[in-house]
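In what follows, a single structure is set out as structure tokens and then discussed.
Only a predicted model underlies this, so the values are computations on that prediction, with no experimental measurement involved. Residue numbers begin at 1 in each chain, while the letters A, B, ... track the order of the sequences.
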Amino acid sequence: MDYALDRFTREVTAAIVATGRVPLDLVELTTPKAAIAADLAFPAFKAAKTLGLAPPQLAAELAATIQLPADGLIGAVEAVGPFLNFRLHAERLATHVLTNIMAQGDDYAAQQLGAGKTVVVDYSAPNIAKRMHVGHIRSTIIGQALVNIYRALGYRVIGDNHLGDWGKQFGVVLAAVEREGKPTAEGETALEQLEAQYARYVAAASDDPELDEHARHWSLRLEQGDSEARALWQWCVDLTMTAAQRNYDRLGVKIDHAYGESFYEPMLADMIQQALDAGVAFRDEGGAVVVEHLQKLPTFLLQRSDGGTLYMTRDMATVVFRLQEFQPHAIIYVVGEPQSLHLRQLFALIRAMGYAKDVGLTHVAFGTIFDAKGQPLSTRRGNMVYLEALLDDAVARARSVVEQKSPELPEAEKLAVAEAVGVGAVVYNDLYQDPKRNITLDWERMLATEGNSATYLQYSHARCSSILRRANEDGAGGPGGDLTLLIHPAEQRLLKQLARLPEVLREGAERYAPFVIADWCYATAREFGVFFEQCPVLKAESPALRGARLVLVAATANALRRGLGLLGIRAPERM
RNA sequence: GACCCCGUAGCUCAGUGGAUUAGAGCGUUUCCCUGCGGAGGAAAAGGCCGUGCGUUCGAGUCGCACCGGGGUCGCCA
């Protein structure tokens, strides 16, 4: 698909090069700020310096000699000081953009940039035998958005849910279940009971060394493949994943694999040996396997002195497995910022061992969530927020707004709308800003229905749908007409905004930043809002204009739905 | 002590070397339903871009040093 702005950029570049004054490698174009009346600019500074000219002089010379292609998207060119400014051709822009969108529908902005390349995304990673809480929501939501974005760019994307289903603490879970029996409840309530059993066991073990020993014994049985331990472990995994799946379904999350840490157990001895053989690690006098002096990073262990393995050991095996299994071009870890040292160490270790030479290893780090008082969330503090409860609460609040704003909707639709709006608010709260920032849990902000909020975006989409629905009913003509009539400033601004999505999609992927897409959705809704106020659609001055505006409205709905879809947010027709 | 992230309007955030006037939302103060959904639109007020040096024709953006907040640092994950 040849997108309007990509073509525009190509034409501008070619036209500048064709003047013979500026070589291709000096043609760096920028998008001017909204206040400047131009769509693409060539700042002449660098080129002028190379040619020994004053920038304004070069810009003026280029403006005088440049030739514009006959039927192209460049409408005008003008030198303004040291800038050479290009403007889009209004009529051709309208035709090109709307044709693109209507041709692609829900796939608008899809590209082949990643064709033939594989990306593995490691995200979500809930802990087995525990409820998902706000600590997992960020990884899950950001990770899924990245998966959607890379898929749209044509990459083969493998999502992997690296379950926390192993390690020393799992022995405690098994010992606690043995001591108190399996929880009798179902779903998240059962997990809540497991958490309580776990806490009681840990408390009891603090003044009873035998309990501690017993837990270690269970963990050993598990690692050795004991059938009873393994069965109990599997029961915990199933219970947890069934509960997690309900959250995933609501969030539009679908993860291809869930190997989990346990999967790598059989490979660990070999991994440790490899590290020793490669001279990257050594065994110290206590028997622990140590890695030190790796790119000035702090020392870390691959094996405890008691022979046990660590998180790092399993992560190392995980990378190697993924490299062999998927042959990826990149592996992306959507993991909290507190683990950035761990991942730097992991990546350095992998490279020191000669793996992943041409494979990008990236940590998409996200900040921590704090409560309204600025305190970290923790079970011990009693301020923990669980994912399912969070979604339920958000949906309940949305439900009461729906009841108030749209009492005429059928009951089933009210429920569906409340779900879309409530869950959308939670998702958007995580995706509208740079993930690196810490987040303070703010219900007002999160469930806002005005301004930069999921609800506003969904509302804008619903208004588009409403216009299209009415157009279909009033019999005065559907979408079509003459697209070159769309030259009103509000129409042009909206068209340009719609045209940006393909580029925005690339930027979001490059920066591992779903918020770039969220930003685009918001800007699009705003432009639509202006257009909506200024340009009557159903009662446009002429049937031809009405038809053209209906195409614009349909395209806006389409593009908005697409943008929201990339973020994992649903866009109801009515709300 | 070392390293990582953050610091832009009262609050929450965009702005990843270029254009006289640094942009949004919330909140505050005003307007706009005889037109398609007011969960909307328009306008105003509000900013030594943490501080100081430096690089550059040009710095919120790059470098260094401080200050403030968050985080991490061999036998948890």
*OP1, OP2 of B:G38 versus side-chain N and O of A:Arg463: anything below 4.0 Å?*
yes

*asked:* At 4.0 Å (heavy atoms only), tell me whether A:Pro536 reaches a base, stays on the sugar-phosphate, or touches nothing.
replied: base

*With heavy atoms under 4.0 Å as the rule, sort A:Val530 into base, sugar-phosphate or nothing.*
sugar-phosphate

*Sugar-phosphate, base or nothing in reach of A:Glu337, heavy atoms under 4.0 Å*: base

*asked:* How many whole angstroms separate atom CZ of A:Arg437 from atom P of B:U8?
replied: 7 Å

_Any donor-acceptor pair, under 3.5 Å, between the side chain of A:Ser466 and the base of B:G37, if you only look at N and O atoms?_
yes

*Could you tell me whether the phosphate oxygens of B:C26, OP1 or OP2, come under 4.0 Å of any side-chain nitrogen or oxygen in A:Tyr522?*
no

*asked:* Roughly how many Å apart are B:G58 and B:C33, using the C1' atom of each and rounding to a whole number?
replied: 49 Å

*Which part of the nucleic acid, if any, lies within contact of A:Ala35, taking any heavy atom under 4.0 Å across all strands shown: a base, the sugar-phosphate backbone alone, or nothing?*
nothing

*For B:U28 and B:C5, measure between their C1' atoms and round to the nearest Å.*
33 Å

*Does A:Arg344 offer a backbone N or O that forms a donor-acceptor pair with the side chain of A:His363 under 3.5 Å?*
no

_Under 4.0 Å, counting only non-hydrogen atoms across every strand here, what does A:Gly81 touch: a base, just sugar-phosphate, or nothing?_
nothing

*Looking across every strand, which nucleic acid part, if any, lies under 4.0 Å from A:Val553 by heavy atom: base, sugar-phosphate, or nothing?*
nothing

*For B:G40, does either OP1 or OP2 sit under 4.0 Å from a side-chain N or O belonging to A:Arg526?*
no

*Between A:Glu403 and A:Arg399, is there a salt bridge with N-O shorter than 4.0 Å?*
yes

*Grab the CD1-P distance between A:Ile439 and B:C13 for me, whole Å please.*
8 Å

_Just the rounded figure in Å: distance from C1' of B:G71 to CZ of A:Arg138._
14 Å

_Partner lookup for B:C66, please. Criteria are Watson-Crick or G-U wobble with both distances under 3.5 angstrom; report none if nothing qualifies._
B:G50

*Would you mind classifying the nucleic acid contact of A:Pro32 as base, sugar-phosphate or nothing, using non-hydrogen atoms under 4.0 angstrom?*
base

*Remember a base hit wins even if backbone is also touched, and classify A:Cys535 as base, sugar-phosphate or nothing at under 4.0 Å, heavy atoms.*
base

*Using a heavy-atom cut-off of under 4.0 Å over every strand shown, decide if A:Leu310 touches base, sugar-phosphate, or nothing.*
sugar-phosphate

_Any base atoms under 4.0 Å from A:Asn85, or only sugar-phosphate, or nothing? Heavy atoms, all strands._
base

_Classify A:Arg574 by what it touches in the nucleic acid, base, sugar-phosphate, or nothing, heavy-atom distance under 4.0 Å._
base

*Nearest whole angstrom, please: distance from the P of B:A39 to the CD of A:Glu403.*
15 Å

*asked:* Determine whether a donor-acceptor pair (one donor, one acceptor, N or O, separation below 3.5 Å) exists between the side chain of A:Asp315 and the base of B:A77.
replied: no

*asked:* On RNA chain B, does the nearest nucleotide to A:Thr299 precede the nearest nucleotide to A:Pro43 from the 5' side, or the other way round? Give the residue.
replied: A:Pro43

*Ionic contact status for A:Glu195 with A:Lys130, cut-off 4.0 Å*: no

*Verify the contact: side-chain N or O of A:Thr449 to OP1 or OP2 of B:A39, cut-off strictly under 4.0 Å; return yes or no.*
no

*asked:* Using Watson-Crick or G-U wobble geometry with both distances under 3.5 Å, which nucleotide pairs with B:C73?
replied: B:G1

*Within this structure, what is the CD-to-P distance between A:Gln458 and B:G40, rounded to whole angstrom?*
13 Å

*Among side-chain atoms of A:Gln458 and A:Tyr428, is any donor-acceptor pair under 3.5 angstrom?*
no

*Could you please name the option among B:C36, B:G25, B:A14 that lies closest to any side-chain atom of A:Phe515?*
B:A14

*Which of these nucleotides, B:C26, B:G37, B:U12, is closest to any side-chain atom of A:Tyr459?*
B:G37

*Short side-chain donor-acceptor distance under 3.5 Å, A:Arg314 and A:Thr309*: yes

*Would A:Leu346 and A:Met316 count as a side-chain contact (heavy atoms from CB on, under 4.5 Å) if you check the C-alpha gap in whole Å, the side-chain angles of each, and the deciding distance to 0.1 Å?*
CA-CA 7 Å; A:Leu346 172 67; A:Met316 179 172 48; 4.3 Å; yes

*asked:* OP1 or OP2 of B:G35 versus the side-chain N and O atoms of A:Lys539: is any pair under 4.0 Å?
replied: no

_Measuring only the C1' atom in each nucleotide, how far is B:U55 from B:C62? A whole number of Å is fine._
8 Å

*When the distance from NZ of A:Lys33 to C1' of B:G17 is rounded to whole Å, what number comes out?*
13 Å

*Could you work out the separation of B:C13 and B:U29 based on their P atoms and round it to a whole Å?*
24 Å

*asked:* Whole angstroms only, please: what is the CE-P distance between A:Met312 and B:C76?
replied: 14 Å

*Do the ring planes of A:Phe83 and A:Phe45 sit parallel (below 30°), tilted (30 to 60°) or perpendicular (above 60°)?*
perpendicular

_Atom C1', compared across B:C26 and B:G71: separation rounded to whole Å_ = 29 Å

*Indicate, with a heavy-atom threshold strictly under 4.0 Å, whether A:Asp306 touches base, sugar-phosphate, or nothing.*
nothing

*Return the value, rounded to whole Å, for the distance between atom CD of A:Gln433 and atom P of B:U8.*
13 Å

*Taking atom C1' in both B:C3 and B:A14, what distance in whole Å separates the two?*
28 Å

*asked:* Can you identify which nucleotide, out of B:G37, B:C4, B:U72, has its nearest atom closest to the A:Pro338 side chain?
replied: B:U72

*Which nucleotide sits closest to the side chain of A:Leu301: B:G40, B:G74, B:C73?*
B:G74

*Could you check whether A:Phe532 and the base of B:G41 form a stacked pair, meaning centres closer than 5.5 Å and planes differing by less than 30°?*
no

*Quick one: label A:Ala462 by what it contacts on the DNA or RNA (base, sugar-phosphate, nothing), any heavy atom closer than 4.0 Å.*
base

*asked:* Tell me whether A:Asp474 is salt-bridged to A:Arg546, with the criterion being a basic N under 4.0 Å from an acidic carboxylate O.
replied: yes

*Is there a Watson-Crick or G-U wobble partner for B:G23 with both distances under 3.5 Å, and which nucleotide is it?*
B:C13

_Complementary nucleotide for B:A42 - Watson-Crick or wobble, under 3.5 Å_ = B:U30

*Can you tell me, in whole Å, how much space there is between the P of B:A9 and that of B:C66?*
25 Å

*Side-chain N,O (A:Arg344) to OP1/OP2 (B:U72) below 4.0 Å*: no

*Chi class for B:C11: syn within 90° of 0, otherwise anti*: anti

*Taking OP1 and OP2 of B:A77, is either one under 4.0 Å from a side-chain nitrogen or oxygen of A:Arg314?*
yes

*Taking the inter-plane angle between the rings of A:Tyr264 and A:His162 on a 0 to 90° scale, is it parallel (under 30°), tilted (30 to 60°) or perpendicular (over 60°)?*
tilted

_Please report the interatomic distance OH(A:Tyr456) to OG1(A:Thr449), rounded to the nearest 0.5 Å._
12.0 Å

*Tell me which of A:His342 and A:Ile36 sits closer to the 5' end of RNA chain B, going by the nucleotide each one is nearest to.*
A:Ile36

*asked:* If I pick the P atom on B:G10 and the same atom on B:C6, what distance separates them, to the nearest angstrom?
replied: 22 Å

*Looking across every strand, which nucleic acid part, if any, lies under 4.0 Å from A:Glu261 by heavy atom: base, sugar-phosphate, or nothing?*
sugar-phosphate

*Identify whether the glycosidic angle of B:G58 places it syn (within 90° of 0) or anti.*
anti

*Using purine N1 to pyrimidine N3 plus N6-O4 or O6-N4 for Watson-Crick, or N1-O2 and O6-N3 for G-U wobble, both under 3.5 Å, which nucleotide pairs with B:U61?*
none

